[in-house]
**Q** 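Here it is: the structure, laid out below.
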Amino acid sequence: MSNDDTTNDRRHTPLTADDERTAYLAALDEAIGGLPHRLAVELRAGVGEELACLEGDELRARITALGDPIEVASAAAIAGRDEGPGTSASPFAGYSTNLPPAHVGAAALPDQAAGSRSAAPTQLAPQPAQVRALSETRGYAVAGLITFGVGGIVLPVIGWLVGCVLVATSGFWRISEKVWAIIFPPLALLILALLSWLFSTVAGGQDSANPLLPGPHASILVTPILVAPLTAVWLLLRLRSRRIPEDAQG
């Protein structure tokens with residue numbers, strides 16, 4: 001067989017997918033020789049990765065859609081110039097292709113890869129711990145019930161009133177609990193004073209007072225010594241299972 005016959009056989013032999021891919025990429029390498037290095041690398045990597053995913057008719061259709069490698073390089077150069085220096089231009093910006101949507105999803109273009117990297121979730125900075133008001137702290141509530149219970153003994157009337165203010169402004173008790181805790185000692189004082197007055201009236205007609213009956217001022221002593229501390233104990237029982245003010249709303 002002559003050399004001419006061998007040449008004709010090779011010329012009419014159909015190219016394989018690898019041959020077509022290699023030939024197109026070789027032509028693209030020549031076309032992007034004048035592009036900036038970064039732009040040329042991104043364009044070459046994007047086209048190479050895209051064509052590597054295709055075979056047969058799909059590969060030929062994609063090569064046809066991309067067009068002449070010289071035109072691809074020119075479009076990438078124009079896109080890079082329009083983006084301006086200091087920006088990462090997409091090699092395929094401004095260059096229209098007719099690739100079906102199914103292939104677009106499979107092909108990893110450089111600008112899509114860059115977008116994926118930029119869209120990566122960033123780690124959020126740790127949020128500072130919530131700072132609560134003084135009246136919403138557990139220590140404030142404990143100080144309030146202690147003052148409420150023994151303040152009237154240390155400083156009559158005034159000490160108890162200070163305790164009432166602390167309990168009323170604390171967030172660790174329900175409104176109904178605060179109301180009952182504050183009105184119970186005066187109510188007990190009123191009842192004891194009334195009983196003392198009745199006992200003194202009954203005993204007034206007798207020659208000697210009955211030592212078993214309370215005197216007229218006994219209620220004033222019983223209230224701060226007995227009633228207020230017992231009320232403080234009740235508040236403590238309500239507070240024991242609560243760690244934050246929201247627990248009082250449950």
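Side chains are part of it too, since the values below use all heavy atoms of this structure and drop only hydrogens, waters and symmetry mates.
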**Q** Please say yes or no: joined through hydrophobic side-chain contacts below 4.5 Å, possibly via intermediate residues, are L25 and L35 part of one cluster?
**A**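 Shared cluster, yes.
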
**Q** To the closest 0.5 Å, what do you measure between CG (D29) and CZ (R44)?
**A**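 Nearest 0.5 Å value for the CG-CZ distance: 4.5 Å.
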
**Q** Quick one: closest heavy-atom pair of V47 and Y24, and the distance?
**A**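 Closest pair (atom of V47, atom of Y24, distance): CG1-CE2, 4.1 Å.
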
**Q** When you measure from the side chain of T137 to the backbone N and O of L134, does any donor-acceptor pair fall under 3.5 Å?
**A**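 At least one qualifying donor-acceptor pair exists.
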
**Q** Count the heavy atoms of every other residue, nucleotide or ligand shown that sit under 6.0 Å from OH of Y140, and state whether that count exceeds 12.
**A**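 Check passes, neighbour count above 12.
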
**Q** Out of curiosity, does L237 fall in the hydrophobic cluster containing L230 (side-chain heavy atoms, cut-off under 4.5 Å, transitive links)?
**A**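 Different clusters.
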
**Q** For P185 versus T231, what's the shortest heavy-atom pair and its separation?
**A**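 Reported closest heavy-atom pair: CG-OG1, 4.1 Å.
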
**Q** Hydrophobic clustering (ILVMFWY, side-chain heavy atoms < 4.5 Å, transitive) - are L236 and V142 grouped together?
**A**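 Yes, same cluster.
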
**Q** What residue among R238, R240, E246 forms side chain to side chain contact (heavy atoms under 4.5 Å, CB included) with R242?
**A**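 The single option meeting the side chain to side chain contact (heavy atoms under 4.5 Å, CB included) with R242 is R238.
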
**Q** Can you name the closest pair of heavy atoms from I182 and W160 and give their distance?
**A**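 Smallest interatomic distance, heavy atoms only, reads O-CZ2, 3.6 Å.
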
**Q** Surrounding CD1 of I70 (heavy atoms of other residues, nucleotides or ligands, distance under 6.0 Å), is the total greater than 12?
**A**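 Not buried by this count: 12 neighbours or fewer within 6.0 Å.
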
**Q** Determine whether L187 and L195 fall in the same hydrophobic cluster, where Ile, Leu, Val, Met, Phe, Trp and Tyr are linked whenever their side-chain heavy atoms lie under 4.5 Å apart.
**A**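 Looking at the clustering, L195 is in the same group as L187.
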
**Q** Would I146 end up clustered with V157 when hydrophobic side chains under 4.5 Å apart are linked, directly or stepwise?
**A**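 I146 clusters together with V157.
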
**Q** Evaluate whether atom CH2 of W234 has more than 12 neighbouring non-hydrogen atoms of other residues, nucleotides or ligands under 6.0 angstrom away.
**A**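 Yes, CH2 of W234 has more than 12 neighbouring heavy atoms, counting only those of other groups under 6.0 Å.
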
**Q** Distance check, rounded to the nearest 0.5 Å: L51 atom CG versus D18 atom CG?
**A**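 The CG atom of L51 sits 11.5 Å away from the CG atom of D18.
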
**Q** Can you measure from CZ (R38) to CG (L43) and round to the nearest 0.5 angstrom?
**A**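 Answer rounded to 0.5 Å: 14.0 Å.
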
**Q** Identify the heavy atoms of E136 and P245 that sit nearest to each other, and give their distance.
**A**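 That would be O-CG, 3.3 Å.
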
**Q** Can you tell if the side chain of F148 reaches within under 4.5 Å of the side chain of L166, non-hydrogen atoms only?
**A**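 Side chain of F148 against side chain of L166, heavy atoms only: no contact under 4.5 Å found.
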
**Q** Does L145 reach the side chain of F172, with side-chain heavy atoms less than 4.5 Å apart?
**A**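 With C-beta onward as the side chain, the pair stays apart.
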
**Q** For L189 and V227, run side chain to side chain contact (heavy atoms under 4.5 Å, CB included): C-alpha distance rounded to whole Å, both residues' side-chain angles, the deciding distance at 0.1 Å, then the answer.
**A** CA-CA 9 Å; L189 174 62; V227 178; over 6 Å; no

**Q** Let me confirm one number: the CG-CD1 distance from L226 to I153, rounded to the nearest 0.5 Å.
**A**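 Rounded to the nearest 0.5 Å, the CG-CD1 separation comes out at 9.5 Å.
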
**Q** Test side chain to side chain contact (heavy atoms under 4.5 Å, CB included) on E177 and V167; report intermediate values, then the result.
**A** CA-CA 10 Å; E177 294 171 348; V167 169; over 6 Å; no

**Q** Could you go through the side chain to side chain contact (heavy atoms under 4.5 Å, CB included) check for L190 and L194 one step at a time?
**A** CA-CA 6 Å; L190 179 61; L194 180 60; 5.7 Å; no

**Q** Hey, what do you get for NE2 (H37) to CD (E42), rounding to the nearest 0.5 Å?
**A**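 It is 10.0 Å, given to the nearest 0.5 Å.
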
**Q** What are the two closest non-hydrogen atoms of G149 and P229, and how far apart are they?
**A**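 It is O-CG, 3.4 Å.
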
**Q** Do you know the tightest heavy-atom contact between A31 and P69?
**A**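 Heavy-atom minimum between the residues: CB-O, 3.5 Å.
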
**Q** What's the spacing between I32 CD1 and S74 OG if we round to 0.5 Å?
**A**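 Between atom CD1 of I32 and atom OG of S74 there are 12.0 Å.
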
**Q** Ignoring hydrogens and angles, tell me if any N or O in the side chain of R21 forms a donor-acceptor pair with the backbone of L54 under 3.5 Å.
**A**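 Confirmed, R21 side chain pairs with L54 backbone.
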
**Q** Kindly say whether R138 contributes a backbone atom to a donor-acceptor pair with the side chain of R243 at under 3.5 angstrom?
**A**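 Here the side-chain-to-backbone pair does not exist.
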
